[in-house]
Amino acid sequence: MVNDTENFLSKRPQRLCHMCGRCCRVVTTSVPYNELVKLAESGDEGAKDFLSIFVPYESVSAARCVDSEVVDNIINLQKQDGNYREDITFYYCKYLQDNNLCSRYETRLTLCKHCPSSPWVIVPPGCGFEGWLFWQREEIKQKIRRSKEELLELRLLKKRMSNPETLEKIAKVEQKINRNINMYSKYGSLDW
Ligand code: SF4
Ligand code: SF4
């Protein structure tokens with residue numbers, strides 16, 4: 001069965017990328033550099049892959065000199081979401097060429113092929129995927145709101161039911177719906 005991530009990746013319209021190279025020139029990670037190095041040393045494949053292509057900028061200012069709009073966009077969004085860290089590190093990919101093209105496109109890593117990897121990923125301002133990602137997020141939010149309506153209907157239905165088997169079935173459906181809602185809780189689904 002195709003999971004949500006695979007489904008998302010398969011429907012991304014690659015034609016939207018206008019090959020500006022900004023997502024390869026100034027990027028960051030959710031974990032600080034030192035932790036990333038430790039993860040790589042302990043065998044974490046994701047961290048190893050990332051550090052095999054991305055080089056840390058000497059400072060945030062150095063990254064700002066290359067693309068201040070991307071740096072400020074990331075920092076502002078992280079602050080809004082409450083996950084900004086003072087020890088944030090920015091990176092550039094050593095395979096990005098001056099013409100904004102990838103010098104190892106045919107052998108690029110999965111992490112590159114999967115970019116943007118989720119509707120909530122932060123993309124550079126003006127990225128061709130910006131609008132499409134917005135609609136993907138909206139679709140998920142609508143789905144979650146419908147799920148919450150279903151929960152309300154089930155709650156009413158339970159009041160009219162007394163058969164233990166039926167009640168058990170309803171409880172299972174409720175659990176499934178709640179699992180789906182909780183899957184997006186880190187993006188705020190409990191408040192949608
Ligand atoms: S920032 Fe967006 S438009 Fe630019 S290269 Fe990356 S994915 Fe493509
Ligand atoms: S390897 Fe290529 S696609 Fe991947 S980050 Fe570097 S330049 Fe971009």
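Not measured: the values here are computed from a predicted model. Start at 1 and go down the list; that is how both ligands and their atoms are numbered.
With ligand atoms numbered from 1 in the order given, ligand 2 contributes 1 (S), 3 (S), 4 (Fe), 5 (S) to contacts under 4.0 Å with heavy atoms of Cys112. Every atom of ligand 1 with a heavy atom of Phe129 under 4.0 Å away is listed here by number and element: 7 (S). Which parts of ligand 2 touch Cys93 is read off a 4.0 Å heavy-atom cut-off, strictly below it: atoms 1 (S), 5 (S), 6 (Fe), 7 (S). Per-residue contacts place Phe54 under 4.0 angstrom from the following atoms of ligand 2 (heavy atoms of the residue considered): 5 (S). Taking every non-hydrogen atom of Pro124 and a distance limit under 4.0 Å, the qualifying atoms of ligand 1 come out as 1 (S). Residue Leu96 has at least one heavy-atom neighbour below 4.0 Å for each of these atoms of ligand 2: 7 (S).
Looking at atom 2 (Fe) of ligand 1, its nearest protein heavy atom turns out to be Cys127 SG, 2.4 Å. Protein heavy atom in closest approach to atom 8 (Fe) of ligand 2: Cys24 SG, 2.4 Å. The single protein non-hydrogen atom nearest to atom 4 (Fe) of ligand 1 is Cys20 SG, 2.3 Å, given as residue, atom name and distance. Nearest protein neighbour of atom 6 (Fe) of ligand 1, counting heavy atoms only, is Cys23 SG, 2.3 Å.
For the ligand labelled ligand 2, residue Tyr105 lies outside the 4.0 Å heavy-atom shell.
Remark: Arg108 is positioned above the aromatic ring of Tyr105, its terminal NZ or CZ atom under 6.0 angstrom from the ring centre and at most 45 degrees off the axis.
The shortest heavy-atom contact between Leu9 and Pro116 is CD2-O, 4.3 Å. Residue Arg104 comes nearest to Ile53 through the heavy atom pair NH1-CG2, 3.7 Å, listed as atom of the first residue, atom of the second, then distance. Residues Ile144 and Ile181 share a closest heavy-atom pair of CD1-CA, 3.9 Å.
With rounding to the nearest 0.5 Å, the separation of SG in Cys115 from CZ in Phe129 is 8.0 Å.
Among the atoms of Cys17, none of the N, O or S atoms falls under 2.8 Å from atom 6 (Fe) of ligand 1.
Atom NZ of Lys38 sits in a sparse spot, with 12 or fewer heavy atoms from other residues, nucleotides or ligands closer than 6.0 Å.
Using cut-offs of 30° and 60° on the angle between ring planes, the pair Tyr91 and Phe50 is perpendicular.
With respect to the salt-bridge test (charged N to carboxylate O, under 4.0 angstrom), the residues Asp67 and Arg25 do not qualify.
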